[in-house]
Amino acid sequence: HDLRNEDLKDLRELGQGNGGSVKKVEHLPTGTIMAKKIVLIDAKPSVRKQILRELQIMHDCHCDYIISFYGAFISDPNICICMEYMDKGSLDGIYKKIGPIDIDVVGKVALAVLEGLTYLYDVHRIIHRDIKPSNILFNSKGQVKICDFGVSGELINSIADTFVGTSTYMSPERIQGAQYTVKSDVWSLGISLIELALGRFPFAESSSDDSDLSDFEGTLSPSRPHPTISLTREQKDKKKKRKSKGVSLQGGGMTMSILELLQHIVNEPAPRLTPEGRFPREAEDFVDSCLLKDPDARKTPKDLLKHSWIERSRTATIDLEAWASTF
Ligand code: ATP
Ligand code: MG
């Protein structure tokens, strides 16, 4: 039952992230369609083996809201992680294709993510660490599942440096260097839900009287939610070398600094589901409680499962399978 690279036939590329790329593949001996994530790891063989061992926990994750795991192997110099293929892709791709996502669907997404996070933490003591629309997947059966959670401490260490781009979903306390907790995932969920409901990354929103903010309005548009992803290798190297100085990043004729965005997250009021009145009160309230800047005041995923909007979403009869068939 061991997975081997030779048994996997590439079908097409599903996407590229900061850490590597993901391909749709067929496992020839069984005919199973899988998603194969290829992560380039610049580490010693012993570290690679350690990562592989840590990834095995994923075999024990059985939850309707978590992507199934088929196995992982080393294919020098990469680590390949094979997981359940989700035929409708990730929610960022979906909203970029169809526009803002109906708030009732967003409610189902919130419920699924909270269930997944609660399972990971209660059963395995795993904190996700990378909740964002591209890590929330959808299929034509109408299922919503999360992927790319931080099971391997070694893997997190090995690719930490390449993950600058994900910092935009990072909670204020994480930006300030505090310990990661399940509540940091709740913040990232709040940002993600606004992004889905509005069809654009929330920090692109500007109160027009705030000139600082409008400076990076153009760069943080829905098509470019990760300002650093567009960096070339060369720019990245430069950024690394000058890390401490707050380098300005050029993009689409605009200039912004990652530091400015991070400072904004720390110092300014959290984004909200706006304009007021467009969305149900309960949804606004839920997002507000995800985005409490003080992590002590913010609830855990488990507590938030009791929120009235989530309870309502649980019993809502909206047909996600039918919705999936519309795109
Ligand atoms: P980052 O590298 O910043 O985390 P990302 O999540 O977009 O960004 P990857 O995790 O490498 O990067 O994934 C790339 C794309 O592949 C995702 O955006 C998603 O659309 C697609 N993808 C990932 N896993 C699956 C899967 N199991 N089934 C279908 N599509 C997938
Ligand atoms: Mg991902």
Side-chain angles (χ1 to χ4, degrees), residues 63-66 91-92 94-95 98-123 126-133 135-138 141-146 149 169-173 181-203 205 265 268-324:
C63 170
D64 287 349
Y65 307 100
I66 305 288
L91 285 171
D92 63 320
I94 294 173
Y95 88 70
I98 69 167
I101 294 178
D102 186 280
I103 195 67
D104 295 332
V105 175
V106 175
K108 290 285 191 192
V109 170
L111 169 63
V113 174
L114 290 176
E115 289 281 9
L117 291 178
T118 302
Y119 170 84
L120 284 177
Y121 193 69
D122 278 10
V123 180
I126 290 171
I127 299 169
H128 190 294
R129 295 166 188 266
D130 201 13
I131 289 292
K132 56 180 173 179
N135 288 337
I136 308 172
L137 303 172
F138 194 72
K141 289 188 226 163
Q143 296 174 302
V144 180
K145 307 190 183 197
I146 53 180
F149 41 95
Y169 295 89
M170 215 187 249
S171 62
E173 72 272 15
T181 73
V182 280
K183 293 180 177 182
S184 322
D185 286 341
V186 167
W187 171 279
S188 309
L189 172 62
I191 300 292
S192 302
L193 296 178
I194 300 181
E195 181 173 350
L196 299 178
L198 299 188
R200 60 180 171 78
F201 189 67
F203 293 108
E205 179 183 26
I265 294 169
E268 300 301 318
R272 307 188 61 203
L273 261 187
T274 49
E276 221 159 293
R278 173 166 162 202
F279 299 103
R281 272 285 303 268
E282 286 175 322
E284 293 174 353
D285 183 76
F286 177 83
V287 166
D288 285 347
S289 50
C290 290
L291 296 180
L292 289 173
K293 293 180 73 180
D294 174 6
D296 293 330
R298 204 182 305 141
K299 288 186 171 143
T300 64
K302 195 176 191 165
D303 286 334
L304 285 168
L305 279 170
K306 298 183 205 121
H307 190 279
S308 61
W309 187 53
I310 298 301
E311 282 184 338
R312 190 182 301 276
S313 298
R314 194 186 285 285
T315 55
T317 53
I318 175 164
D319 185 348
L320 289 184
E321 192 176 345
W323 181 70

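All of these numbers come straight from a predicted model, not from anything done at the bench.
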More than 12 heavy atoms of other groups within 6.0 Å of Arg278 CZ: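 Yes, CZ of Arg278 has more than 12 neighbouring heavy atoms, counting only those of other groups under 6.0 Å.
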
Step through the shown structure and confirm whether more than 12 heavy atoms of other residues, nucleotides or ligands are within 6.0 Å of NZ on Lys293. yes

Within the side chain of Thr181, is there an N or O that forms a donor-acceptor pair under 3.5 Å with the backbone of Lys183?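 Side chain of Thr181 to backbone of Lys183, a donor-acceptor pair under 3.5 Å: yes, one is there.
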
Donor-acceptor pair, distance only, cut-off 3.5 Å: does the side chain of Lys299 make one with the backbone of Val186? no

Less than 4.0 angstrom from a charged side-chain N to a carboxylate O is my criterion; do Glu173 and Arg298 meet it? yes

Does Arg272 pair with Asp288 as a salt bridge, N-O distance under 4.0 Å?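 Judged by the 4.0 Å cut-off on N to carboxylate O distance, Arg272 and Asp288 do form a salt bridge.
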
Verdict with reasoning, Phe149 to Leu120, per side chain to side chain contact (heavy atoms under 4.5 Å, CB included): CA-CA 9 Å; Phe149 41 95; Leu120 284 177; 3.8 Å; yes

Nearest 0.5 Å, please: how far is [atom2] in [Y] from [atom1] in [X]?
| X | Y | atom1 | atom2 | value |
| --- | --- | --- | --- | --- |
| Leu320 | Thr317 | CG | OG1 | 10.5 Å |
| Thr300 | Leu114 | OG1 | CG | 9.0 Å |
| Trp187 | Ser192 | CH2 | OG | 11.5 Å |
| Ile136 | Asp92 | CD1 | CG | 9.0 Å |
| Ser171 | Leu292 | OG | CG | 12.5 Å |
| Glu284 | Trp309 | CD | CH2 | 11.0 Å |

Please report the closest heavy-atom contact between [X] and [Y], naming both atoms and the distance.
| X | Y | answer |
| --- | --- | --- |
| Ile310 | Leu304 | CG1-O, 3.5 Å |
| Cys290 | Gly190 | CB-CA, 3.7 Å |
| Ile318 | Lys108 | CG2-CE, 3.5 Å |
| Phe286 | Ala110 | CE2-CB, 4.2 Å |
| Ile191 | Pro271 | CD1-CG, 3.7 Å |
| Ile66 | Gly116 | CD1-O, 3.7 Å |

Taking it one step at a time, do Ile131 and Leu117 satisfy side chain to side chain contact (heavy atoms under 4.5 Å, CB included)? CA-CA 10 Å; Ile131 289 292; Leu117 291 178; 4.0 Å; yes

Under 30°, 30 to 60°, or over 60°: which ring-plane class applies to Phe138 and Trp323, parallel, tilted or perpendicular?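 The arrangement is perpendicular - the two ring planes meet at more than 60°.
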
Is it the case that Gln143 and Tyr65 place a side-chain donor and acceptor less than 3.5 Å from each other? no

Could you check whether Asn135 and His128, counting side-chain N and O atoms only, form a donor-acceptor pair closer than 3.5 Å?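 No donor-acceptor contact under 3.5 Å links the two side chains.
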
Selection residues 109-120 - residue pairs positive for side-chain hydrogen bond (donor to acceptor under 3.5 Å, both in side chains), sequence neighbours left out: Glu115-Arg314, Tyr119-His124

Any chance you could lay out the salt bridge (Lys or Arg N to Asp or Glu O under 4.0 Å) test for Arg200 and Glu195, step after step, and finish with the verdict? CA-CA 5 Å; Arg200 60 180 171 78; Glu195 181 173 350; over 6 Å; no

Apply side chain to side chain contact (heavy atoms under 4.5 Å, CB included) to residues His307 and Ser289 and explain how you reach the verdict. CA-CA 10 Å; His307 190 279; Ser289 50; 4.2 Å; yes

Can you check whether Phe201 and Tyr169 have ring centres sitting under 6.0 Å from each other? yes

Under a 4.5 Å cut-off applied to non-hydrogen side-chain atoms, are Leu193 and Val113 in contact?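 No - every pair of side-chain heavy atoms lies 4.5 Å or more apart.
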
So do Pro100 and Leu196 actually touch side chain to side chain, heavy atoms under 4.5 Å?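 Answer no - side chains too far apart.
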
Side chain to side chain contact (heavy atoms under 4.5 Å, CB included), that's the test. Do Ile265 and Met170 meet it? Break it down for me. CA-CA 8 Å; Ile265 294 169; Met170 215 187 249; 5.8 Å; no

